[in-house]
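Per chain, numbering begins at 1; letters A, B, ... match sequence-line order.
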Number of protein chains: 2
Amino acid sequence: MLKRRKTPVEIKHTEPHLCSTALRLHILHEVSFFAGLEHTQIEEINRQFHEKGFEPGDYLYFAGDPADSLFIIAEGRVKLLRHTAAGKDVMLDLLIPGEFFGGLSTSSESTYLETAQALTSVCALTISREGFRAILNQYPTVGMQVLDLVTARLEAAHDTIHQLSAQTAEQRIAATLLTLAAKLGEPHEVGLLIQTPLSRDELAELTATTPETASRVISQFQRDGWIATGRQWIALADPEALRLTAEMEA
Amino acid sequence: MLKRRKTPVEIKHTEPHLCSTALRLHILHEVSFFAGLEHTQIEEINRQFHEKGFEPGDYLYFAGDPADSLFIIAEGRVKLLRHTAAGKDVMLDLLIPGEFFGGLSTSSESTYLETAQALTSVCALTISREGFRAILNQYPTVGMQVLDLVTARLEAAHDTIHQLSAQTAEQRIAATLLTLAAKLGEPHEVGLLIQTPLSRDELAELTATTPETASRVISQFQRDGWIATGRQWIALADPEALRLTAEMEA
DNA sequence: GCAGTTATCTGATCCAGATCATGGAATGAA
DNA sequence: TTCATTCCATGATCTGGATCAGATAACTGC
């Protein structure tokens, strides 16, 4: 049995159940697709948002619920998932502050196709579908930037499909760790820490494998000295080695 | 050995190497995201497009090429794919007249992330990225509709990820046949014919399996009387049975 | 029609990874 | 501190589907 590390890194747990007005404005300024708008315009937009707080494990909405709202994360981590027949979930995305999700499509479906669950304490800003549509109409540059973001997500989804179709579990896990580290990595003494609680189960949901396989692969990576890990956390000690594994067999 | 059917259905093979002006305008009117524009506006837009013809098997572009152009299919079938290490391709989408692809993103990447290959004779309309961006700026409603289309593709990609993560090869093939039939099915005496040349190899690329497995599953479906099939074609005789298979194990 | 080529079918074997099962280690509550 | 809970590691076994290897049917060009 591998000796597990006693949480050598401190997982940041912010717990703002409700966002302060300052935070709201700050977030809306940070949101990449509002870039270029005036402060007064942001304040105007801010008035159309409502805020909601969630505890870890809470569901923001379920697949099948009426899709009235679009969400923007102000604080925390949210996972987007689909349920499977056998109760195993498939994680489609892991979202961080500044990212949007939910009822985006201006026309089309009237229900959410995915479920959104809080991984940490979360403060989310919500706006009605119509309200968001109005903003897009009013500020065409915002629409263009949203289009770019959705296009980027489509490419990411295509990457995932490619991986699932053509790579081994070990390669997918290596690639996923790199992606996560790029998105929410923070330098730490033990390596680039993936700054979110992430269990073997969740890593399995994210890579279309089982918790057992995820555990075995993670153990091997640790024996190789490529990562440091413990209960619900992983830090990359040697990203380059992971990259070589992920891109192996050219 | 199964008795194979001697091409009982006639695969339509249109061969317009170049599109007529009438076809070009017709297509641009058909394209869903130009809906709502005046005829004179469409004519104006039409002048910004160039046309290119391709033969079956031709590549419209390769992953890694500079992504200057956006394509709209006027005639024919195009597959979007990624190459894998081992030479096996992964098909990400199968596009029909009226659909766009290529350099969509207004900013971001400067090279195509996917390869586009003609499955039939193809006439494609192309426009520069900047030209398309200008249209989006000029007509915000077009931008909104493009956004909806990309969002719908993202949902479709998430569906695929879900399937790859949680379903058997047989289920994925059944689901894929239904999707293809919904998109390009034509009523025929033997069933709903999937109106595109589709080999076992391509079905395998589309469902992340091998040609051998695709062949076995297709043979079984035919023995069950759910489909009629032959060299490069498949028709659905009993879509409901396929649906039950695809959604099995609830 | 005939020959060569390509697509398809199918049997036999093999393996990555799922499943099943169990024990140990960190965490949180009392 | 101690117990209960949750998360993680790892061995043993099993299996869906990949891989390997031919054989046969349909299509193409002459």
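In this structure, CD on B:Gln163 lies 10.0 Å from OG1 on B:Thr168, to the nearest 0.5 angstrom.
Between B:Gln222 atom CD and C:dT10 atom C1' the separation is 14 Å, expressed in whole Å. Summarising the geometry, the separation between CD1 on B:Ile218 and C1' on C:dC9 is reported as 12 Å, rounded to the nearest angstrom. Rounded to whole Å, atom P of C:dA16 lies 14 Å from atom CD of A:Gln220. One can place CD of B:Glu212 at 14 Å from P of C:dA7, the figure rounded to the nearest angstrom. The CG-C1' distance, from A:Leu164 to C:dG17, rounds to 14 Å in whole Å. What separates CD1 of A:Ile234 from C1' of D:dC7 is a distance of 13 Å, to the nearest Å. Between the CZ atom of A:Arg200 and the C1' atom of D:dT10 there is a distance of 13 Å, given to the nearest Å. Rounded to whole Å, atom P of D:dT6 lies 10 Å from atom CZ of A:Arg231.
Counting heavy atoms from C-beta outward, B:Leu80 and B:Met91 have side chains that stay 4.5 Å or more apart. A:Ile73 has its side chain out of reach of A:Ile96: every pair of non-hydrogen atoms, C-beta onward, lies at least 4.5 Å apart.
Aromatic ring pairs are classed by plane angle as parallel below 30°, tilted from 30° to 60° and perpendicular above 60°; the pair A:His83 and A:Tyr59 is tilted. Ring-plane geometry between B:Phe54 and B:Phe71 is classed as tilted, the angle between the planes lying from 30 to 60 degrees on a 0 to 90 degree scale.
OP1 or OP2 of D:dT10 sits under 4.0 Å from a side-chain N or O of A:Ser219.
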Legend entry - Base versus backbone protein contacts along nucleotides 12-17 of chain D [heavy-atom cut-off under 4.0 Å; B, S, -]: B----S
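The only option from B:Thr196, B:Val122, B:Leu95 that meets the side-chain contact (heavy atoms from CB on, under 4.5 Å) definition with B:Arg77 turns out to be B:Thr196.
As judged by a 4.0 angstrom heavy-atom cut-off over every strand, A:Ser215 is placed among the base-contacting residues.
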